[in-house]
Amino acid sequence: MARTREFDTEAAVSRAMELFWKRGYEATSVRDLTGHLGIGQGSLYAAFGGKDGLYRAALEYYRTTLAAAALRSLEEGADARSVIRAMLVDRVRIAVEDNGRGCLVVNAACERLPEDAATRRTVRDMQDASRDALAEVLRVAAERGEIAKRHDPHTLAAFLVTFLNGLLVSAKITPDVRALEPLVEVALAALD
């Protein structure tokens with residue numbers, strides 16, 4: 001008879017996400033995970049198929065929680081410049097936490113690519129969703145006359161996503177909001 005799972009898998013994935021975010025995939029062992037989650041190795045393998053499966057679940061959890069919240073924030077603002085500024089600054093503030101943990105997704109790209117095709121797909125999907133959401137905000141803003149029409153909204157959105165990726169890497173090097181926040185204003189000048 002199969003044993004019933006004796007732990008909350010969502011809570012385990014959330015805690016694993018934090019550990020992977022802080023330490024990275026390679027530096028996090030199965031022993032680290034089982035100790036941090038308070039579960040046995042057999043339970044980890046039964047629930048997630050192993051470390052890689054738990055990592056994929058952690059990236060997906062990040063996508064459906066933090067990344068989804070960032071995209072929702074783009075839909076809730078009054079004007080494009082304000083919502084984009086707020087989203088970029090919020091991402092920087094999260095990235096500088098814990099002495100510069102960066103962004104889980106950008107960290108995954110830097111650590112796992114190009115060898116890990118599944119991580120590449122996950123990262124690409126999240127980046128595409130960010131670019132598409134930004135492009136829509138920028139398209140509407142251009143129609144309302146809030147921003148200049150000199151750039152295609154998709155190109156401008158791709159620039160902002162690329163800028164954010166670099167900013168999130170920089171947050172690992174210089175985990176100081178005061179040093180990074182002014183760079184957001186420079187990037188927003190592209191909207192003029």
Side-chain angles (χ1 to χ4, degrees), residues 17-18 20-25 58-114 116 119-192:
M17 178 191 76
E18 291 294 333
F20 283 127
W21 196 346
K22 183 176 183 178
R23 300 186 68 194
Y25 179 85
L59 287 173
E60 180 62 19
Y61 185 79
Y62 181 93
R63 186 187 69 75
T64 60
T65 56
L66 294 167
L71 295 181
R72 278 192 308 276
S73 74
L74 290 172
E75 300 168 358
E76 298 169 355
D79 68 283
R81 190 176 302 272
S82 296
V83 296
I84 293 169
R85 177 185 292 112
M87 187 269 295
L88 293 172
V89 168
D90 187 49
R91 298 293 95 196
V92 168
R93 288 185 179 150
I94 291 169
V96 300
E97 290 176 4
D98 295 330
N99 199 30
R101 67 182 177 168
C103 166
L104 179 64
V105 175
V106 173
N107 295 350
C110 292
E111 181 180 19
R112 306 288 296 152
L113 302 185
D116 185 342
T119 296
R120 180 188 302 275
R121 280 189 301 277
T122 300
V123 170
R124 185 183 314 121
D125 289 349
M126 282 191 252
Q127 300 246 323
D128 288 350
S130 296
R131 187 198 59 238
D132 293 347
L134 279 166
E136 181 58 18
V137 167
L138 293 165
R139 184 192 64 74
V140 170
E143 286 177 2
R144 292 192 302 221
E146 292 176 18
I147 65 169
K149 292 184 178 183
R150 66 187 177 105
H151 296 296
D152 169 68
H154 291 283
T155 303
L156 192 51
F159 162 75
L160 289 169
V161 169
T162 302
F163 165 76
L164 180 58
N165 290 339
L167 194 61
L168 296 172
V169 171
S170 293
K172 293 175 72 72
I173 300 162
T174 307
D176 180 359
V177 172
R178 292 168 303 174
L180 300 172
E181 212 170 292
L183 302 177
V184 170
E185 295 307 318
V186 175
L188 290 175
L191 304 180
D192 297 333

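As the structure is a prediction and not an experimental result, all values here were calculated from the model. Residues take their numbers from the sequence shown, with the count starting at 1.
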Response to the item:
What one should report as the nearest heavy-atom pair of W21 and G102 is NE1-O, 3.0 Å

Discussion item. Return the CE to CZ distance between M17 and F20, rounded to the nearest 0.5 Å.
Written reply: 11.5 Å

Worksheet entry | Residue pair L180 / S170: nearest heavy atoms and the distance that separates them | CD2-CB, 4.0 Å

Worksheet entry | Heavy-atom neighbours of K22 NZ exceed 12 at 6.0 Å | no

Worksheet item: In this structure, are over 12 heavy atoms from other groups packed under 6.0 Å from R144 atom CZ?
Response: yes

Practice prompt. Please indicate whether N99 has more than 12 foreign heavy atoms, meaning atoms of other residues, nucleotides or ligands, lying under 6.0 Å from its CG.
Written response: no

Worksheet item: For D79 and R85, what are the C-alpha separation, side-chain angles and deciding distance, and is it a salt bridge (charged side-chain N to carboxylate O under 4.0 Å, His left out)?
Response: CA-CA 10 Å; D79 68 283; R85 177 185 292 112; over 6 Å; no

Worksheet item: What closest approach, in Å, do L71 and A133 show between heavy atoms, and which atom pair accounts for it?
Response: CD2-CB, 3.8 Å

Practice prompt. Could you tell me which residues satisfy side chain to side chain donor-acceptor pair (under 3.5 Å) with D116, sequence neighbours excluded, listed by chain and number?
Written response: R56, R112, T119

Response to the item:
CG (L134) and CE (M87) are apart, to the nearest 0.5 Å, by 4.5 Å

Fill in: T174 (side chain) donor-acceptor with A171 (main chain) under 3.5 angstrom
no

Fill in: Basic-acidic side-chain contact under 4.0 Å: D128, R121
no

Worksheet, complete the sentence: From the list V96, V89, I94, side chain to side chain contact (heavy atoms under 4.5 Å, CB included) with V92 holds only for V96

Practice prompt. Check whether any side-chain heavy atom of L183 sits under 4.5 Å from a side-chain heavy atom of L88, and report yes or no.
Written response: no

Practice prompt. Test R131 against every option in T155, V161, L156 by the side chain to side chain contact (heavy atoms under 4.5 Å, CB included) rule and name the one that passes.
Written response: V161

Worksheet entry | Side chain proximity check, T122 to V105, heavy atoms < 4.5 angstrom | no

Worksheet item: How close do R150 and A189 get, heavy atom to heavy atom, and via which atoms?
Response: NH2-O, 4.3 Å

Worksheet, complete the sentence: Here the gap from L188 atom CG to L160 atom CG, rounded to the nearest 0.5 Å, amounts to 7.0 Å

Practice prompt. Provide the closest heavy-atom pair for P153 versus L138 in the form atom of the first, atom of the second, distance.
Written response: O-CD1, 3.7 Å

Discussion item. Check this for me: does any side-chain nitrogen of one of E75 and R72 sit under 4.0 Å from a carboxylate oxygen of the other?
Written reply: no

Discussion item. Less than 4.5 Å apart, side chain to side chain, heavy atoms only: is that true for R139 and E143?
Written reply: yes

Discussion item. Return the NZ to SG distance between K172 and C110, rounded to the nearest 0.5 Å.
Written reply: 8.0 Å

Worksheet item: Do F159 and H151 come within less than 4.5 Å of each other through their side chains, counting heavy atoms only?
Response: no

Fill in: Spacing of R91 atom CZ and S130 atom OG [to the nearest 0.5 Å]
9.0 Å

Response to the item:
Distance col, row D132:CG vs Q127:CD, nearest 0.5 angstrom, shows 11.5 Å

Worksheet item: Can you check whether R101's main-chain N or O pairs, donor with acceptor, with N107's side chain at less than 3.5 Å?
Response: yes

Worksheet item: Would you find a donor on one side and an acceptor on the other, under 3.5 Å apart, between the side chain of E111 and the backbone of Y25?
Response: yes

Worksheet item: salt bridge (charged side-chain N to carboxylate O under 4.0 Å, His left out) between R93 and E97: does it pass, once the steps are laid out?
Response: CA-CA 7 Å; R93 288 185 179 150; E97 290 176 4; over 6 Å; no

Worksheet item: Do the non-hydrogen side-chain atoms of L164 and V106 ever get within less than 4.5 Å of each other?
Response: no

